[in-house]
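Proteins come first, then strands; the chains are lettered A, B, ... in the order of their sequence lines, and each starts at number 1. Values below: all heavy atoms of this structure, side chains included; hydrogens, waters and symmetry mates excluded. In this text the structure is predicted, and so the values were computed from the model without any measurement.
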2 protein chains.
Amino acid sequence: MSTEVNPIMNNLIEKMDIRLTYQRKIILNTLIENVGKHLSANEIYTLIKDKENIIGMATIYRTIDMLLKKGVVIKHDFGDSAAKYEIEIENTRNHHHLICKKCGKVIEASGLIKDDFYERLLEEKGFQCTDYKLKIFGYCDKCRVSAKAN
Amino acid sequence: MSTEVNPIMNNLIEKMDIRLTYQRKIILNTLIENVGKHLSANEIYTLIKDKENIIGMATIYRTIDMLLKKGVVIKHDFGDSAAKYEIEIENTRNHHHLICKKCGKVIEASGLIKDDFYERLLEEKGFQCTDYKLKIFGYCDKCRVSAKAN
DNA sequence: TTATGTGCAAAATGTTTGCTCCCCA
DNA sequence: TGGGGAGCAAACATTTTGCACATAA
């Protein structure tokens with residue numbers, strides 16, 4: 001049942017030190033069940049509604065906002081209007097995204113950034129990096145053959 | 001005067017093969033005068049209005065859309081609601097952005113990606129990269145001292 | 001001349017906010 | 001039981017669209 005407090009969630013909640021409401025449990029569970037996926041606020045809303053639980057859209061935005069500030073959720077902006085959210089457990093962190101300009105598919109990748117880049121940023125720019133996002137645009141395997149930007 | 005067709009613009013227009021209207025000239029000129037800056041549609045609108053030329057917001061969006069498809073303009077999504085646009089002359093291409101989570105400042109950087117990454121993507125993933133964006137979040141020099149994510 | 005571009009206003013979309021009532025701690 | 005949280009609807013901001021008119025080629 002969707003409000004069961006599993007170990008992963010327990011862990012998160014402890015870390016965050018927040019008031020645990022029915023709605024937050026459902027939202028967290030939905031995000032956990034979809035680790036690695038990129039969900040829009042509306043997709044989260046629909047997933048929850050499909051389990052016969054209805055919660056307000058505003059609650060979703062407010063909860064996600066809080067989760068973002070707690071660093072539990074990551075926000076993505078791919079080209080398509082609505083922002084996408086993804087829970088960050090262990091190291092879904094700092095992965096990269098290959099975005100196909102033809103079919104829109106998003107593929108994961110990693111290890112493309114120079115290893116010393118945290119240090120270099122701090123030394124050269126005085127910038128303390130906490131997090132980064134690398135989005136790579138181009139054509140996926142399937143689309144490559146027929147592809148030509150319009 | 002803002003609709004003068006300078007060499008840079010001439011070059012762009014030839015490349016694009018489009019119908020050259022008064023509005024497109026102004027928009028292109030505004031973008032050229034602001035190379036390296038990140039302008040929202042509304043900022044472009046205001047800049048043009050300030051020169052005593054009024055053109056429709058819809059025209060700005062439609063023109064930018066076209067310029068995006070022609071590869072003349074880049075679109076950025078930093079955290080703040082409105083998308084930002086920037087003309088791409090020579091190599092404003094593939095630079096990186098350091099985004100301060102405290103004051104919102106955007107600093108440019110480059111050279112943080114492994115040199116062979118185009119080749120690796122193609123070999124390992126069958127993905128043909130045409131373009132990429134690296135956004136790095138953290139704290140700038142000034143904000144670093146007092147910074148602590150809230 | 002005529003296909004294409006423009007302006008305007010209206011609509012669509014995504015997100016935020018005010019306020020009242022509710023419920024976790 | 002008190003203060004933070006939820007729901008609802010309205011507000012907001014940004015972007016898109018339909019249609020009549022204007023204009024570059």
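Rounding to the nearest 0.5 Å gives a distance of 10.0 Å between CD1 of Ile26(B) and CD of Glu33(B). A distance of 10.0 Å separates CD in Glu43(B) from NZ in Lys37(B), rounded to the nearest 0.5 Å.
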Residue pair Phe78(A), His97(A): steps toward the ring-ring contact (aromatic ring centres under 6.0 Å, His included) verdict: CA-CA 9 Å; Phe78(A) 304 124; His97(A) 289 125; 5.2 Å; yes
Test side chain to side chain donor-acceptor pair (under 3.5 Å) applied to Glu108(B) and His96(B), step by step: CA-CA 6 Å; Glu108(B) 314 279 334; His96(B) 316 142; over 6 Å; no
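Taking the nucleotide of DNA chain C with the nearest heavy atom to each of Gly56(B) and Ala83(A), the more 5' of the two is matched to Gly56(B). For the pair Met57(A) and Ala58(B), nearest-nucleotide mapping onto DNA chain D gives the more 5' position to Met57(A).
A rotation axis mapping the C1' atoms of four pairs onto the next four is fitted at both ends of the helix from dT1(C)-dA25(D) to dA25(C)-dT1(D) over five pairs, and the angle between these axes is 40° to 10 degrees.
With a 4.5 Å cut-off on side-chain heavy atoms, Tyr132(B) and Tyr118(B) count as touching. Arg24(A) has its side chain within reach of Arg19(A): a pair of non-hydrogen atoms, C-beta onward, lies under 4.5 Å apart.
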Between the protein and nucleotides 22-25 of chain D, which nitrogen or oxygen pairs come in under 3.5 angstrom?
from    : atom 1 : to       : atom 2 : distance (Å)
dT23(D) : O2     : Arg19(B) : NH2    : 3.3
dA24(D) : N3     : Arg19(B) : NH2    : 2.6
dA25(D) : OP1    : Leu20(B) : N      : 3.0

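Separating the CZ atom of Phe78(A) from the P atom of dG14(C) is a distance of 16 Å, rounded to the nearest angstrom. Atom-to-atom, CD1 of Ile64(A) to P of dG14(C) comes out at 13 Å; the value is rounded to the nearest Å. When rounded to the nearest whole Å, the span between CD1 of Ile55(A) and C1' of dC23(C) equals 15 Å. Atoms CE (Met66(A)) and P (dA6(D)) sit 8 Å apart, rounded to a whole Å.
The phosphate of dG7(C) (OP1 or OP2) has a side-chain N or O of Thr59(B) nearer than 4.0 angstrom. Residue Tyr61(A) places at least one side-chain N or O under 4.0 Å from the OP1 or OP2 atom of dT15(C). Regarding contacts with the backbone of dG14(C), a side-chain N or O of Ser81(A) is found under 4.0 angstrom from either OP1 or OP2. Remark: Gln23(A) is in phosphate contact with dG7(D), judged by side-chain N or O atoms under 4.0 Å from OP1 or OP2.
Summarising the geometry of Asn53(A) relative to Tyr22(A), their closest heavy-atom pair is OD1-OH, 2.7 Å, with the distance given to 0.1 Å.
Out of dA6(D), dT15(C), dT15(D), the shortest distance to the side chain of Ala41(B) is found at dT15(D).
Side-chain atoms of Thr30(B) do not come within 3.5 Å of backbone N or O of Ile44(B) as any donor-acceptor pair.
Within a 6.0 Å radius of CG in Asp17(B), no more than 12 heavy atoms belonging to other residues, nucleotides or ligands are found.
Judged by distance alone, with hydrogens and angles left aside, Arg62(B) brings a side-chain donor or acceptor within reach of the base of dG7(C), the pair sitting under 3.5 Å.
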